[in-house]
Amino acid sequence: RKADAVYLEEIRNAGLYDAIWQAFAVLLPVRTVGVMGDSRTYDNVCALRAVTSTDGMTADIYPFESAFLSRVSTRIINEVKGINRVVYDYTSKPPGTIEWE
């Protein structure tokens, strides 16, 4: 929920909220090695998803600028304990679905 709140806050701050049909953060059941400070971490991966659609039957990814994704990723890693990697889901529908299950 904390990662999702950061993500949606950044979307609103960038003025993109009305341009995106659905956006959310997903905590994956995957752990990954990272480095924070001078120590190794073994924490969770957070996936970000944002799509545009008119009817939900098909959807395209929202093409965020890399600076936006970098800013969101940095905030999530720094502000949400237990996450050390953030990825962006770049899959359209089809073949993927909008939601993660």
Side-chain angles (χ1 to χ4, degrees):
R1 287 186 286 210
K2 290 179 182 178
D4 194 63
V6 168
Y7 185 35
L8 292 179
E9 179 182 323
E10 287 293 334
I11 287 171
R12 284 185 181 97
N13 290 346
L16 300 173
Y17 189 81
D18 291 331
I20 298 171
W21 196 66
Q22 254 185 16
F24 51 89
V26 180
L27 188 62
L28 302 182
V30 175
R31 299 197 55 198
T32 180
V33 174
V35 177
M36 296 183 88
D38 293 330
S39 302
R40 278 185 178 254
T41 60
Y42 191 60
D43 285 324
N44 297 295
V45 178
C46 175
L48 304 178
R49 181 85 162 129
V51 297
T52 59
S53 181
T54 56
D55 59 8
M57 298 302 293
T58 62
D60 290 316
I61 59 98
Y62 187 83
F64 288 116
E65 293 183 10
S66 61
F68 174 86
L69 292 172
S70 292
R71 184 170 58 252
V72 172
S73 175
T74 299
R75 277 199 61 198
I76 289 172
I77 290 168
N78 288 336
E79 297 176 25
V80 183
K81 184 176 175 159
I83 295 175
N84 70 355
R85 186 178 307 257
V86 176
V87 298
Y88 185 58
D89 181 351
Y90 214 81
T91 310
S92 62
K93 177 185 179 182
T97 60
I98 296 169
E99 300 82 7
W100 284 59
E101 293 182 27

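Index from 1, following the sequence.
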Please identify each residue that fulfils side-chain contact (heavy atoms from CB on, under 4.5 Å) with [X], with sequence neighbours left out.
X     : value
Asn78 : Thr74
Tyr88 : Tyr7, Leu48, Ala50, Ile61, Tyr62, Phe64, Leu69, Tyr90
Arg12 : Leu8, Tyr17
Trp21 : Val51, Ser53, Ile98

Summary of salt bridge (charged side-chain N to carboxylate O under 4.0 Å, His left out) pairs that have at least one residue in residues 65-74, sequence neighbours excluded: Glu10-Arg71
Residue pairs, two or more places apart or on separate chains, that pass salt bridge (charged side-chain N to carboxylate O under 4.0 Å, His left out) and touch residues 14-26: none
Would you list the pairs meeting side-chain hydrogen bond (donor to acceptor under 3.5 Å, both in side chains) in which at least one residue belongs to residues 92-101, sequence neighbours left out? Asp89-Trp100
For residues 36-46, which residue pairs qualify under side-chain hydrogen bond (donor to acceptor under 3.5 Å, both in side chains), counting only residues two or more places apart or in two chains? Thr41-Asn84
Tell me, please, which residues at least two apart from [X] pass side chain to side chain donor-acceptor pair (under 3.5 Å).
X     : result
Arg31 : none
Asn13 : none
Gln22 : none

Do Leu28 and Cys46 have side chains that get closer than 4.5 Å, going by heavy atoms? no
Heavy atoms of Thr91 and Arg49 approach each other most closely as O-NH1, 2.6 Å
Nearest-0.5 Å distance that lies between atom CD in Glu9 and atom CD1 in Ile11: 11.0 Å
Rounded to the nearest 0.5 Å, the OG1 atom of Thr52 sits from the CG atom of Asp60 at a distance of 5.0 Å
Is there a path of hydrophobic side-chain contacts, each under 4.5 Å between heavy atoms, that joins [X] and [Y]?
X     : Y     : result
Phe68 : Phe24 : no
Met36 : Val6  : yes
Ile76 : Val45 : no

